[in-house]
Amino acid sequence: MTTSAAIPSGPEGAITSDGTVTDRLVEANQGYAAEFTDPGMDARPVLQVAVVACMDARLDLHAALGLELGDCHTIRNAGGVVTDDVIRSLTISQRALGTRSIVLIHHTGCGMESLTEDFRHDLEMEVGQRPAWAVEAFRDVDQDVRQSMQRVRTSPFLLHTDDVRGFVFDVRTGLLREVDPA
């Protein structure tokens, strides 16, 4: 697999040959836009599914799940945990844009397994203000997938909670392992 990790960088990860990483992304967009044609889609996902996953850069969700542009809504955050903001996005996805199924994906070797809620305390000591959000760290990835499934299934805002399934993606093999909700 090719990644951009081999690009020469200077202090603090800045790209040395062509400016900053953001400059590189904007330049790449220019090339993309030059070849872009409107696919003629609307915002409703073709497969009527929303995928909630960790933001980890090792997860290429479309490739791992055989998805194409327009197939799903993708909601990502640290740990792939179901927070109030994820419920907000899922509610909009279902009620305004027609999704019916929800797939939750955590993964092996997640950084959230090495954090604790002390992270919030440390931030408060550093910046003088306590974050309003919880870290949502966890020790047991399977149990956190179960908790996330339960949060979805019990949300009063979601219309469709009968097809909610949770998985752990193995970052070494690329395989999904389904987590029993019980």
Side-chain angles (χ1 to χ4, degrees), residues 1-7 21-22 24-113 136 138 141-153 155 157-181:
M1 177 189 338
T2 304
T3 69
S4 59
I7 295 172
V21 171
T22 303
R24 182 175 144 239
L25 298 176
V26 171
E27 182 180 331
N29 174 257
Q30 296 299 311
Y32 173 79
E35 302 291 323
F36 184 79
T37 55
D38 181 357
M41 301 175 184
D42 70 15
R44 294 176 179 272
V46 173
L47 299 178
Q48 298 181 320
V49 63
V51 178
V52 178
C54 185
M55 66 186 192
D56 192 295
R58 297 172 289 180
L59 278 66
D60 183 347
L61 292 174
H62 277 73
L65 301 174
L67 296 167
E68 299 293 329
L69 181 67
D71 282 349
C72 73
H73 284 158
T74 306
I75 303 160
R76 296 182 78 157
N77 67 20
V81 297
V82 174
T83 61
D84 286 343
D85 194 58
V86 169
I87 294 293
R88 171 189 161 271
S89 293
L90 289 171
T91 301
I92 293 166
S93 177
Q94 286 190 353
R95 291 178 177 265
L97 297 165
T99 58
R100 300 288 183 264
S101 300
I102 299 171
V103 174
L104 307 172
I105 301 177
H106 285 35
H107 66 91
T108 59
C110 185
M112 297 304 287
E113 293 174 298
E136 297 280 352
F138 52 86
V141 67
D142 286 41
Q143 182 55 35
D144 202 68
V145 170
R146 283 185 202 95
Q147 177 176 298
S148 289
M149 284 190 282
Q150 184 65 17
R151 285 179 177 173
V152 167
R153 287 189 175 121
S155 173
F157 307 111
L158 298 174
L159 296 171
H160 307 285
T161 59
D162 53 326
D163 189 12
V164 178
R165 294 172 65 185
F167 300 86
V168 175
F169 177 86
D170 188 314
V171 297
R172 300 235 188 285
T173 67
L175 290 172
L176 287 176
R177 176 179 52 77
E178 189 157 7
V179 174
D180 183 353

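Here the structure is a predicted model, which means the values were calculated and not measured.
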N29 side chain vs A33 backbone, donor-acceptor pair below 3.5 Å: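 No.
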Closest non-hydrogen atom pair, [X] against [Y]:
| X | Y | result |
| --- | --- | --- |
| V164 | R153 | O-NH2, 2.5 Å |
| A50 | S93 | CB-OG, 3.9 Å |
| Q94 | L159 | OE1-N, 2.8 Å |
| V81 | E136 | CG2-CB, 3.6 Å |

query: Which is it for C72 and V49 under the side chain to side chain contact (heavy atoms under 4.5 Å, CB included) test, yes or no, and what are the steps along the way?
result: CA-CA 5 Å; C72 73; V49 63; 3.6 Å; yes
- prompt: Is there any ring-ring contact (aromatic ring centres under 6.0 Å, His included) pair reaching into residues 30-61, and which pairs are they, with sequence neighbours excluded?
  reply: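 Sorted result for residues 30-61: Y32-F36.
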- prompt: Tell me, which pairs form a ring-ring contact (aromatic ring centres under 6.0 Å, His included) where one or both residues lie in residues 47-82, sequence neighbours left out?
  reply: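 Every candidate ring-ring contact (aromatic ring centres under 6.0 Å, His included) pair involving residues 47-82 fails, so no pair, neighbours aside, qualifies.
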Under the rule for side chain to side chain contact (heavy atoms under 4.5 Å, CB included), what residues qualify as partners of [X], not counting sequence neighbours?
| X | answer |
| --- | --- |
| Q48 | R100 |
| S155 | I87, F157, L158 |
| Q143 | D140, R146 |
| D56 | C54, R58, L59, H107 |

Can you give the donor-acceptor pairs under 3.5 Å from side chains of residues 166-181 to other protein atoms, not counting sequence neighbours?
residue: D170; atom: OD1; partner: R172; partner atom: N; Å: 2.7
residue: D170; atom: OD1; partner: T173; partner atom: N; Å: 3.2
residue: T173; atom: OG1; partner: L175; partner atom: N; Å: 3.2
residue: R177; atom: NH1; partner: D142; partner atom: OD2; Å: 2.8
residue: R177; atom: NH2; partner: D142; partner atom: OD1; Å: 2.9
residue: E178; atom: OE1; partner: R165; partner atom: NH2; Å: 2.7
residue: E178; atom: OE2; partner: R165; partner atom: NE; Å: 2.7
residue: E178; atom: OE2; partner: R165; partner atom: NH2; Å: 3.3
residue: D180; atom: OD1; partner: A182; partner atom: N; Å: 3.1

Rounded to the nearest 0.5 Å, how far apart are [atom1] of [X] and [atom2] of [Y]?
| X | Y | atom1 | atom2 | result |
| --- | --- | --- | --- | --- |
| I102 | D162 | CD1 | CG | 9.5 Å |
| Q150 | T161 | CD | OG1 | 10.0 Å |
| S89 | I75 | OG | CD1 | 4.5 Å |
| D144 | M149 | CG | CE | 10.0 Å |

field: Listed partners of R44 passing salt bridge (Lys or Arg N to Asp or Glu O under 4.0 Å), at least two apart
entry: none
message: Listing request: all salt bridge (Lys or Arg N to Asp or Glu O under 4.0 Å) pairs with a residue in residues 70-88, at least two apart in sequence or in separate chains.
response: D85-R88
- prompt: Would F138 and Q147 count as a side chain to side chain contact (heavy atoms under 4.5 Å, CB included) if you check the C-alpha gap in whole Å, the side-chain angles of each, and the deciding distance to 0.1 Å?
  reply: CA-CA 10 Å; F138 52 86; Q147 177 176 298; over 6 Å; no
Full working for side chain to side chain contact (heavy atoms under 4.5 Å, CB included) between L61 and L67: CA-CA 8 Å; L61 292 174; L67 296 167; 5.5 Å; no
- prompt: Does D163 have any side-chain hydrogen bond (donor to acceptor under 3.5 Å, both in side chains) partners at least two apart in sequence or in another chain, and if so, which?
  reply: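 With sequence neighbours excluded, D163 shows a side-chain hydrogen bond (donor to acceptor under 3.5 Å, both in side chains) to S101, given in chain and number order.
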